[in-house]
There are 2 protein chains.
Amino acid sequence: MTQTTRRPTRQRRAVAEALATSPEFHSAQQLHAHLQREGTKIGLATVYRALQAMSDDGDVDVVRTDDGESLYRSCSTGHHHHLVCRGCGRAVEIEGPAVERWATRVSDEHGFVDVEHTVEIFGTCQDCAD
Amino acid sequence: MTQTTRRPTRQRRAVAEALATSPEFHSAQQLHAHLQREGTKIGLATVYRALQAMSDDGDVDVVRTDDGESLYRSCSTGHHHHLVCRGCGRAVEIEGPAVERWATRVSDEHGFVDVEHTVEIFGTCQDCAD
DNA sequence: CACTACTTCGATAATGGTTGTCAATCCAGC
DNA sequence: GCTGGATTGACAACCATTATCGAAGTAGTG
């Protein structure tokens, strides 16, 4: 937790950029493949480490698919949720103040502390529906 | 998909009972170990199959932990969500009509179809907080 | 009961995403 | 240029889950 010294390296920058240039969710493996194709020399383990670090710092959102894969996506800071297309992976950032209030109220009622919640909506977007 | 004939076997019953007697979430591996300890002869693969079948039929709830493990819990039928304790795994079933409405509204707005959503709240319950 | 057509079981091997290992490498400051 | 800690990357190890496949159970029928 105590933010050990983190050095900005070529590899980390590459991962961050790859994420920043796409509004969609990507798996670590996809990102790794993409970077290699682009000519960036980077190891798979490093991609995982970079993503983990960014996730710890709150710079990326992480979503788990049903088959246990982790998807990453750069996120504007602030709390929000996602509407994700099963087909193309496109994601829409959504907000729901009502949901936030509801979540805290429910947890309060049951005496839960240190609470966090995940709200993800999966569906098929218009383009992929045909 | 067309609900092939499903036979109620000794093994399936065992899994169903093990789930029914506990209000907490358990992993497939835990259940398997538990059953074996109890003297029930059952294979791990069978436990997975049974859980999958029950999940398909909507008889159990499935939750994914952060480290990719699936947790199962018998559930009263009907759509609902969970408030899960990180410490002891105890789960409280919660309902939120408001959330349901919000989810469908948001997906409609963005033209998404065939939509499903997951809402899970994780926290620490009173007993585990000390 | 015998026969048959299926489903189900279970031991084991395979899968596949993720994480650990560890020597080589890089970088910052002296 | 040296030195020490952070970082990297190739590869092995992990581990939950899934596939495989021969064996065994189970209606249903006559």
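First the proteins, then the strands, lettered A, B, ... as listed; each starts at 1. Nothing here was measured: the structure is a model prediction, and the numbers come from that model. Every heavy atom of this structure was used, including side-chain atoms; hydrogens, water molecules and symmetry mates were not.
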Under 3.5 Å, which N/O atoms of the protein pair with N/O atoms of nucleotides 26-28 of chain D?
from: dT26(D); atom 1: O4'; to: R7(B); atom 2: NH1; distance (Å): 2.7

Please write out each protein N/O paired with an N/O of nucleotides 12-19 of chain D under 3.5 Å, distance rounded to 0.1 Å.
from: dT17(D); atom 1: OP1; to: S70(B); atom 2: N; distance (Å): 2.8
from: dT17(D); atom 1: OP1; to: S70(B); atom 2: OG; distance (Å): 3.2
from: dT17(D); atom 1: OP2; to: Y48(B); atom 2: OH; distance (Å): 2.5
from: dT17(D); atom 1: O5'; to: Y48(B); atom 2: OH; distance (Å): 3.4

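In this structure, D67(B) atom CG and dG17(C) atom C1' are separated by 13 Å, rounded to whole Å. Put simply, CZ on R10(A) is 15 Å from C1' on dA6(D), counting in whole angstrom units. Computed from coordinates, the I42(A) CD1 to dC26(C) P distance equals 15 Å when rounded to whole Å. For the pair L51(A) CG and dT19(C) C1', the computed distance is 13 Å after rounding to whole Å. One interatomic measurement links the two molecules: CG of D66(A) to P of dG16(C), which rounds to 18 Å at whole-angstrom precision. Here the P atom of nucleotide dT8(D) and the CG atom of L35(A) are 13 Å apart, to the nearest Å. Per the geometry, NZ belonging to K41(A) stands 7 Å off P belonging to dG9(D), to the nearest Å.
Under a 4.0 Å N-O distance rule, the pair R90(A)/D127(A) qualifies as a salt bridge. Using a 4.0 Å cut-off between a side-chain N of Lys or Arg and a carboxylate O of Asp or Glu, R13(A) and E17(A) do not qualify as a salt bridge. Note on R73(A) versus E93(A): salt bridge recorded, some NZ/NE/NH1/NH2 to OD/OE distance being below 4.0 Å.
Not counting sequence neighbours, S74(B) has no partner by the side chain to side chain donor-acceptor pair (under 3.5 Å) test. Every side-chain contact (heavy atoms from CB on, under 4.5 Å) that D114(B) has, sequence neighbours left out, goes to R86(A), T124(A). By the ring-ring contact (aromatic ring centres under 6.0 Å, His included) test, Y72(A) is found to be paired with no residue, residues two or more places apart in sequence or in another chain being considered.
Counting only heavy atoms from C-beta outward, the side chains of R37(B) and H32(B) never approach each other to under 4.5 Å.
Not one side-chain nitrogen or oxygen of Q11(B) sits closer than 4.0 Å to the OP1 or OP2 atom of dT8(C). Note on T46(A): a side-chain N or O is less than 4.0 Å away from OP1 or OP2 of dG9(D). Contact annotation: R12(B) side-chain N/O to dC9(C) OP1/OP2 distance is under 4.0 Å.
Shortest non-hydrogen contact noted between L35(A) and A14(A) is CD2-O, 3.9 Å. In this structure, Q30(A) and F25(A) approach most closely via the heavy-atom pair OE1-O, 4.1 Å.
Using bins of under 30°, 30° to 60° and over 60° for the plane-to-plane angle, the ring pair H117(A)/H79(A) lands in the perpendicular bin.
Y48(A) and L71(A) sit in two unconnected hydrophobic clusters of ILVMFWY residues. Membership requires side-chain heavy atoms under 4.5 Å apart, directly or through other members.
Five base pairs at each end of the helix from dC1(C)-dG30(D) to dC30(C)-dG1(D) define two local axes, and these are offset by 20° (rounded to 10°).
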